[in-house]
Amino acid sequence: MTRRYDQIIIVDIECTCWERRPPPDQISEIIEIGICRLKPATGERLDKRSLIVRPVQSTVSAFCTELTSLTQEQVEKGVSFAEACAILEKEFKTRQRVWASYGDYDRQQFERQCAASDIRYPFSASHLNIKTLFTLIQGLRHDVGMAVAMEMMALPMDGRHHRGDDDAWNVAQMLHRLLTIRQQVTQAE
């Protein structure tokens with residue numbers, strides 16, 4: 001399979017969540033996949049998309065709705081997890097392109113949910129952890145959340161935090177800035 005470097009696929013997921021522990025019969029599942037395609041050479045964010053995913057082993061709690069604005073009624077109308085993975089592969093060519101997320105949670109959740117559902121993992125092995133990249137470039141001693149990182153970089157946040165498409169859009173802007181900073185440092189040396 002030929003690797004494509006024309007775009008980086010930024011992914012941000014939202015999952016069912018609870019204020020404390022999940023109820024005994026429920027597990028955390030992906031309910032939204034936010035996607036933004038970034039042209040690394042120019043920094044152009046091509047689009048953003050939200051795939052609402054129907055959970056099968058959990059329901060959306062009041063806490064989850066407050067955090068994400070997603071309701072049980074909305075996710076019940078979503079696509080299956082298998083359909084969402086197929087869309088990622090077919091429309092975004094995620095098995096051929098580099099993909100990125102802010103932190104490792106998104107990658108790990110996809111791996112867990114794919115294994116548990118016996119669904120083919122929809123991504124290439126080329127994953128960029130933007131949180132780690134940010135921490136290293138900024139010379140920090142510990143990770144910070146996405147909103148704090150955006151603030152530290154003086155980048156405006158568009159949309160609603162904890163909505164997958166808005167967060168993917170914002171993280172794509174951050175990634176481009178980080179790549180630009182790295183280029184400037186390299187050129188100065």
Side-chain angles (χ1 to χ4, degrees), residues 3-17 19 28 30-53 63-71 74 84 88 91-94 97-111 122-189:
R3 185 67 39 110
R4 295 179 166 192
Y5 294 99
D6 58 328
Q7 298 172 16
I8 300 172
I9 308 301
I10 314 301
V11 173
D12 183 87
I13 61 171
E14 302 302 329
C15 295
T16 49
C17 56
E19 195 164 9
S28 185
I30 295 170
I31 55 174
E32 182 185 24
I33 304 169
I35 308 147
C36 179
R37 296 180 307 136
L38 173 71
K39 286 182 132 182
T42 64
E44 181 183 3
R45 293 176 286 180
L46 300 174
D47 54 13
K48 69 176 179 175
R49 183 160 173 199
S50 170
L51 295 176
I52 302 298
V53 181
F63 173 79
C64 189
T65 296
E66 185 178 319
L67 185 68
T68 67
S69 79
L70 293 168
T71 65
Q74 287 173 302
L88 289 168
E91 294 183 29
F92 296 94
K93 309 288 186 237
T94 53
R97 290 189 167 116
V98 173
W99 73 287
S101 62
Y102 192 80
D104 233 11
Y105 176 81
D106 303 70
R107 182 187 61 77
Q108 292 171 349
Q109 180 65 29
F110 262 101
E111 288 174 352
F123 297 104
S124 74
S126 298
H127 174 255
L128 292 176
N129 182 330
I130 300 167
K131 183 188 277 188
T132 299
L133 183 63
F134 174 81
T135 302
L136 291 169
I137 289 175
Q138 295 295 322
L140 303 177
R141 293 185 176 167
H142 57 83
D143 295 334
V144 297
M146 186 198 91
V148 171
M150 295 283 292
E151 188 176 312
M152 288 176 69
M153 295 181 78
L155 294 172
M157 282 188 60
D158 294 329
R160 181 187 170 109
H161 189 31
H162 296 298
R163 276 307 301 262
D165 58 342
D166 291 334
D167 284 353
W169 181 258
N170 289 320
V171 169
Q173 178 185 17
M174 181 191 307
L175 177 57
H176 175 66
R177 176 74 63 86
L178 289 169
L179 294 173
T180 303
I181 289 170
R182 190 70 222 138
Q183 287 173 341
Q184 290 169 352
V185 169
T186 303
Q187 290 171 353
E189 293 172 347

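Once rounded to the nearest 0.5 Å, the distance linking CD of Glu14 with CG of Asp106 reads 8.5 Å. One distance of note links CD of Glu111 with CG of Asp104; it measures 8.0 Å at 0.5 Å rounding. Between atom OG1 of residue Thr94 and atom CG of residue Leu88 there is a gap of 5.0 Å, rounded to the nearest 0.5 Å. Distance check: Ile130 CD1 to Leu178 CG gives 7.5 Å after rounding to the nearest 0.5 Å. Between the CG atom in Leu70 and the OG1 atom in Thr16 there is a gap of 11.0 Å [rounded to 0.5 Å].
Residues forming a side-chain hydrogen bond (donor to acceptor under 3.5 Å, both in side chains) with Gln74 (at least two apart in sequence, or on another chain): Thr71. Residues passing the side-chain contact (heavy atoms from CB on, under 4.5 Å) test with Cys15 are Ile13, Ser28, Ile30, Tyr105, Gln109, sequence neighbours excluded. For Lys48, the side-chain hydrogen bond (donor to acceptor under 3.5 Å, both in side chains) partners are Asp166, not counting sequence neighbours. The salt bridge (Lys or Arg N to Asp or Glu O under 4.0 Å) search around Asp6 returns Arg97, not counting sequence neighbours. For the side-chain hydrogen bond (donor to acceptor under 3.5 Å, both in side chains) test, no residue two or more places apart in sequence or in another chain qualifies with Asp12. Partners of Phe110 under the ring-ring contact (aromatic ring centres under 6.0 Å, His included) rule, at least two apart in sequence or in another chain, are Phe81, Phe123. Remark: Glu151 pairs with no residue by the salt bridge (Lys or Arg N to Asp or Glu O under 4.0 Å) rule, at least two apart or across chains. For Ser124, the side-chain contact (heavy atoms from CB on, under 4.5 Å) partners two or more places apart in sequence, or in a different chain, are Arg3, Trp99, Ser126.
A donor-acceptor pair under 3.5 Å is absent between the side-chain atoms of Ser50 and the main chain of Gly34, judged by distance alone.
Applying the side chain to side chain donor-acceptor pair (under 3.5 Å) rule to pairs touching residues 137-150 yields Thr135-Asp143, sequence neighbours excluded. A salt bridge (charged side-chain N to carboxylate O under 4.0 Å, His left out) check over residues 153-163, counting only residues at least two apart or in different chains, returns the pairs Glu32-Arg163.
For the pair Leu175/Leu133, a side-chain contact is recorded, criterion being any heavy-atom separation below 4.5 Å from C-beta on. In this structure, the side chains of Tyr102 and Asn170 stay at 4.5 Å or more apart for every pair of heavy atoms. A 4.5 Å side-chain heavy-atom check between Arg107 and Asn129 finds every atom pair outside the cut-off. At a threshold of 4.5 Å between non-hydrogen side-chain atoms, the residues Met146 and Met174 count as touching.
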(request) Kindly determine whether Met152 and Leu140 satisfy side chain to side chain contact (heavy atoms under 4.5 Å, CB included), including the steps that lead there. (result) CA-CA 11 Å; Met152 288 176 69; Leu140 303 177; 3.9 Å; yes
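Paired with Cys36 under the rule side chain to side chain contact (heavy atoms under 4.5 Å, CB included), one option of Ile10, Ile8, Ile9 passes, and it is Ile10.
Counting all heavy atoms, side chain and backbone alike, Gly103 lies closest to Lys131 at N-CB, 3.6 Å. Ile31 approaches Cys64 most closely through the heavy-atom pair CD1-SG, 3.8 Å.
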Show me, pair by pair, the donor-acceptor contacts under 3.5 angstrom made by side chains of residues 37-45, not counting sequence neighbours?
from: Arg37; atom 1: NE; to: Asp47; atom 2: OD1; distance (Å): 3.1
from: Arg37; atom 1: NE; to: Asp47; atom 2: OD2; distance (Å): 3.2
from: Arg37; atom 1: NH1; to: Gln7; atom 2: OE1; distance (Å): 3.4
from: Arg37; atom 1: NH2; to: Asp47; atom 2: OD2; distance (Å): 3.1
from: Thr42; atom 1: OG1; to: Glu44; atom 2: N; distance (Å): 3.2
from: Arg45; atom 1: NH1; to: Trp169; atom 2: O; distance (Å): 3.0

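Side chains of Asp167 and His161: a donor-acceptor N/O pair is present below 3.5 angstrom, by distance only.
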